[in-house]
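Here the structure is laid out as structure tokens; the discussion comes afterwards.
Heavy atoms only: backbone and side chains are in, while hydrogens, waters and symmetry mates are out.
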Amino acid sequence: MRIATWNVNSITARLPRLLAWLESTGTDVLCIQETKCSAEQFPYDELRELGYEAAVNASGRWNGVALLSKVGLEDVVAGLPGGPDYEGVQEPRAVSATCGPARVWSVYVPNGREVDHAHYVYKLGWFEALTAAVAGDAAGARPFAVLGDFNVAPTDEDVWDPAVFVGQTHVTPAERAALTSLREAGLADVVPRPLKYDRPYTYWDYRQLAFPKNKGMRIDLVYGNAPFAKAVSDAYVDREERKGKGASDHAPVVVDLDV
DNA sequence: ATGGCCGAGGTACTCGGA
């Protein structure tokens, strides 16, 4: 089974590339972030024609997540149970379902904006609720994984120049400790291989030629429990999808499982 | 080739992204 995660930065803007990519890769399950669409705008029909069922948690121009599956989509939960509000709103940042042999979450963790900003406090609270919500499945015998845009670079090796990020979000000890807590709950960082260069970055800013210069970050992560991690036969970042006109600023992370 | 931001809402420009 092939499972992947991709922050598409608007499913409407990305639809032609998304459909072509799904067909060319034969992906069975895709976790999508930043759909940036309302529930009504979601392209169910186009995806159904390619054989995908969809579970969607989306409410407009910001955020929004989805799960696509060709191998079944059962017991869908929209949202993060026990998750915090931001400015009084439960934002659409999580959706989970059982896809064939695996239980899967698609998550779009809050950005945080600036260290100690209210959004940063929200980000840490969101991680805390996520860890509590997944603890049971993480310790279970069924293959289980949380995939998505975690908005944290796990180590200094996961940013193109650590000096540039000093004092900024995505690299702080508190954010990295949140990832450590997830690992302590039983999830392992399934690190993909890069298709070029030495580091498996998944995000490159649109500005200042960041992609051609490989000024990237690894912030799109696959956190799987032991049965999931044991089944991984390959994992890679599809940087080809970051090329050219009409690309997202994130590349897909693809994981092949023997299940 | 991979090239100096992009997308949504709404129709000027602001917000969010990391």
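- Straight-line distance from the NE2 atom of A:His170 to the P atom of B:dG16: 15 Å, rounded to whole Å.
- Rounded to an integer number of Å, the gap from CD1 of A:Ile11 to C1' of B:dC6 is 17 Å.
- Nucleic acid contact for A:Ser248: none, since no nucleic acid atom lies under 4.0 Å from a heavy atom of the residue.
- A:Gly112 comes within 4.0 angstrom of nothing in the nucleic acid, heavy atoms only.
- Side chains of A:Tyr122 and A:Glu91: a donor on one and an acceptor on the other come within 3.5 Å.
- For A:Phe165 and A:His170, the distance between ring centers is not under 6.0 angstrom.
- Rounded to whole Å, the separation between the C1' atoms of B:dA12 and B:dG7 comes to 16 Å.
- Remark on DNA chain B: of its neighbouring residues A:Ile219 and A:Ala13, the 5'-side contact belongs to A:Ala13, judged by nearest-heavy-atom nucleotide.
- Residue A:Tyr108 has a polar side-chain atom (N or O) positioned under 4.0 Å from OP1 or OP2 of B:dA18.
- With respect to the salt-bridge test (charged N to carboxylate O, under 4.0 angstrom), the residues A:Arg199 and A:Asp158 qualify.
- Across all strands shown, A:Asp149 has heavy atoms under 4.0 Å from sugar-phosphate atoms exclusively, and none from any base.
- Counting non-hydrogen atoms under 4.0 angstrom, A:Asn151 reaches the backbone sugars and phosphates but no base.
- Atom CZ in A:Arg93 sits about 10 Å away from atom C1' in B:dG16, given to the nearest Å.
- The residue A:Tyr203 sits close only to the backbone: its heavy atoms come under 4.0 Å of sugar-phosphate atoms, none of a base.
- Across B:dG16 and B:dG10, the matching P atoms stand 15 Å from one another, rounded to whole Å.
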Intermediate values then yes/no, side-chain hydrogen bond (donor to acceptor under 3.5 Å, both in side chains), A:Ser181 and A:Glu184: CA-CA 5 Å; A:Ser181 294; A:Glu184 287 172 351; 4.7 Å; no
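- Using a 4.0 Å heavy-atom cutoff across all strands shown, A:Gln168 reaches no nucleic acid atom at all.
- Remark: the A:Asp238 side chain and the A:Trp6 side chain contain no N/O donor-acceptor pair separated by less than 3.5 Å.
- Checking B:dG9, B:dA18, B:dG4 against every side-chain atom of A:Gln41, the shortest atom distance belongs to B:dG9.
- Residue A:His250 places at least one side-chain N or O under 4.0 Å from the OP1 or OP2 atom of B:dA18.
- One finds a side-chain N or O of A:Ser10 lying less than 4.0 angstrom from the OP1 or OP2 phosphate oxygen of B:dA8.
- Residue A:Arg242 contributes atom CZ, which lies 9 Å from atom C1' of B:dT2 at whole-angstrom precision.
- Rounded to an integer number of Å, the gap from CG of A:Asn214 to P of B:dG3 is 14 Å.
- In summary, A:Asp256 and A:Arg2 engage in a salt bridge, as defined by a charged side-chain N under 4.0 Å from a carboxylate O.
- The separation between A:Asp249 atom CG and B:dA8 atom P is 12 Å, rounded to whole Å.
- Taking atom C1' in both B:dG4 and B:dA8, the straight-line distance is 23 Å, to the nearest Å.
- Rounded to a whole Å, the NZ atom of A:Lys243 is 5 Å from the P atom of B:dT2.
- When distances are taken from the side chain of A:Lys36 to each of B:dC5, B:dC15, B:dA8, the shortest belongs to B:dA8.
- The distance between atom CG of A:Asp205 and atom C1' of B:dG16, rounded to the nearest whole Å, is 12 Å.
- Checking the phosphate oxygens (OP1, OP2) of B:dG7, a side-chain nitrogen or oxygen of A:Arg14 falls inside 4.0 Å.
- Applying the 4.0 Å criterion to OP1 and OP2 of B:dG7, one finds that A:Asn9 has every side-chain N and O outside that range.
- Residue-to-nucleotide proximity on DNA chain B shows that, of A:Cys37 and A:Pro110, the 5′-proximal contact is made by A:Cys37.
- The side chain of A:Arg113 contributes an N or O atom lying less than 4.0 Å from OP1 or OP2 of B:dG17.
- Nucleotides B:dA1 and B:dC5 place their P atoms 22 Å apart, quoted to the nearest Å.
- One finds a salt bridge joining A:Arg193 and A:Asp234 here, because a Lys/Arg side-chain nitrogen approaches an Asp/Glu carboxylate oxygen to under 4.0 Å.
- Between the C1' atoms of B:dA18 and B:dC6, the separation comes to 14 Å (whole Å).
- For A:Arg61, counting side-chain heavy atoms from C-beta on, the closest listed nucleotide (B:dT14, B:dG16, B:dC5) is B:dT14.
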